[in-house]
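These numbers come from a predicted model, not from an experiment.
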Amino acid sequence: MKSTENAKETKPAMITLTPNPGNHCFGCGGANDQGMKLTFVQDNEKRRIVGRFVLGERYQGGGGMGHGGIIATLLDEAMGKVCRFRGVRAVTAELTVEYLKPVNVQGEIVVEGWETEQKGRNLFHVGEIRNAAGDVLARGKGRFVIIGEAAGKKV
């Protein structure tokens, strides 16, 4: 009989997080016809959430640049998904965004989120939006508060 005490659960290095057809979230839900239906990749080795997008004209503000609210939404979505590494469900309690350079809605962008620390039920995350050249266009910081359970793990 094998002992399962030392058995480790192995996760794939990367997991694609496609829009859930039962979720009405504006950013990542599949059930919201007006939503963005964002797809991210969960990088289990680097403990980062990464998405690659071309926003398109639908999400522009003035002059062909991304709308500030949409930029904030992208950062909030990436940072919020970082909670998956802890297997918890949390809500955004604070979000700050630094708009460093305009985001062209026709160019590909990379949105990335990761955790910086945890204090009790508070998770602190950072996110960045970069263009294809690697320039940081926007940076966000968020505080997320754990509210319940996810992935079968009670909090």
Side-chain angles (χ1 to χ4, degrees), residues 12-148 150-151 155:
M14 303 279 196
I15 299 171
T16 301
L17 307 173
T18 57
N20 177 338
N23 184 340
H24 285 84
C25 175
F26 173 75
C28 65
N32 186 335
D33 292 337
Q34 303 303 312
M36 296 181 77
K37 296 180 175 55
L38 300 171
T39 296
F40 289 91
V41 171
Q42 178 177 319
D43 184 335
N44 289 317
E45 290 177 0
K46 293 181 181 175
R47 292 181 65 88
R48 295 201 174 203
I49 299 294
V50 181
R52 295 183 181 278
F53 311 104
V54 174
L55 290 177
E57 292 179 356
R58 178 178 185 181
Y59 298 114
Q60 72 180 342
M65 299 301 146
H67 187 281
I70 296 299
I71 302 305
T73 298
L74 291 170
L75 290 165
D76 186 44
E77 286 291 329
M79 290 188 293
K81 290 196 176 331
V82 172
C83 298
R84 296 175 58 88
F85 296 114
R86 291 194 176 269
V88 297
R89 187 166 182 211
V91 294
T92 309
E94 291 179 49
L95 175 67
T96 60
V97 179
E98 289 180 272
Y99 299 92
L100 304 170
K101 296 180 181 181
V103 176
N104 185 322
V105 295
Q106 300 303 328
E108 184 180 63
I109 55 173
V110 176
V111 182
E112 190 167 0
W114 63 93
E115 183 178 297
T116 56
E117 69 177 307
Q118 177 182 14
K119 290 182 181 176
R121 292 177 43 224
N122 293 285
L123 303 172
F124 297 88
H125 299 167
V126 174
E128 288 184 346
I129 297 177
R130 296 183 300 275
N131 62 16
D135 301 320
V136 178
L137 308 177
R139 182 175 294 120
K141 291 181 182 178
R143 179 172 64 90
F144 296 80
V145 177
I146 297 170
I147 60 166
V155 178

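Taking NZ from Lys46 and CD from Glu112, the interatomic distance works out to 7.5 Å, rounded to the nearest 0.5 Å. Note that NZ of Lys141 and OG1 of Thr116 are 8.5 Å apart. Values are rounded to the nearest 0.5 Å. For the atom pair Glu77 CD and Thr92 OG1, the distance stands at 8.5 Å (nearest 0.5 Å).
For NZ of Lys37, the number of neighbouring non-hydrogen atoms (other residues, nucleotides, ligands) closer than 6.0 Å is greater than 12. In this structure, Gln106 places its CD atom where more than 12 heavy-atom neighbours from other residues, nucleotides or ligands lie under 6.0 Å away. Residue Glu117 qualifies as enclosed at atom CD: its count of foreign heavy atoms under 6.0 Å is above 12.
Remark: Ala132 pairs with no residue by the side-chain contact (heavy atoms from CB on, under 4.5 Å) rule, at least two apart or across chains.
The shortest side-chain heavy-atom distance between Ile49 and Trp114 does not fall under the 4.5 Å cut-off. Looking at heavy atoms from C-beta onward, Thr16 lies in side-chain contact with Thr39 at the 4.5 angstrom threshold. The closest side-chain heavy-atom distance from Leu123 to Arg86 is below 4.5 Å. Contact annotation: the side chain of Ile146 approaches that of Gln118 to within less than 4.5 Å [non-hydrogen atoms, C-beta and beyond]. No side-chain heavy atom of Met14 sits under 4.5 Å from any side-chain heavy atom of Asn44. By the 4.5 Å heavy-atom criterion applied to side chains, Asn104 and Asn131 are not counted as neighbours. Inter-residue side-chain proximity for Leu100 and Leu137 is flagged as unmet; no heavy-atom pair is nearer than 4.5 Å.
Phe85 and Arg48 make their closest contact through CZ-N, 3.4 Å (heavy atoms, listed as atom of the first residue, atom of the second, distance). Closest of all the heavy-atom pairs between Gln34 and Phe26 is O-CE1, 3.4 Å. Considering every non-hydrogen atom in both Leu75 and Glu128, the closest pair reads CD2-N, 3.6 Å. Here the closest non-hydrogen pair linking Glu108 and Val54 is CA-CG2, 3.8 Å. Closest of all the heavy-atom pairs between Ala78 and Val111 is CB-CG1, 3.7 Å.
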Identify every side-chain donor-acceptor pair in residues 17-25 under 3.5 Å, counting partners at least two apart or on other chains, and give the distances.
residue: Asn20; atom: OD1; partner: Gly22; partner atom: N; Å: 2.7
residue: Asn23; atom: OD1; partner: Cys25; partner atom: N; Å: 2.7

List the atom pairs, donor and acceptor, that lie under 3.5 Å between side-chain atoms in residues 59-74 and the rest of the protein, sequence neighbours left out.
residue: Gln60; atom: OE1; partner: Gly64; partner atom: N; Å: 3.3
residue: His67; atom: ND1; partner: Gly69; partner atom: N; Å: 2.8
residue: Thr73; atom: OG1; partner: Gly69; partner atom: O; Å: 2.8

Exercise for review: Verify side-chain contact (heavy atoms from CB on, under 4.5 Å) between Phe144 and His125, making sure each step is shown before the conclusion.
Suggested key: CA-CA 8 Å; Phe144 296 80; His125 299 167; 3.5 Å; yes

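Of the options Glu115, Arg143, Met79, a side-chain contact (heavy atoms from CB on, under 4.5 Å) to Phe124 is made by Arg143 and by none of the others.
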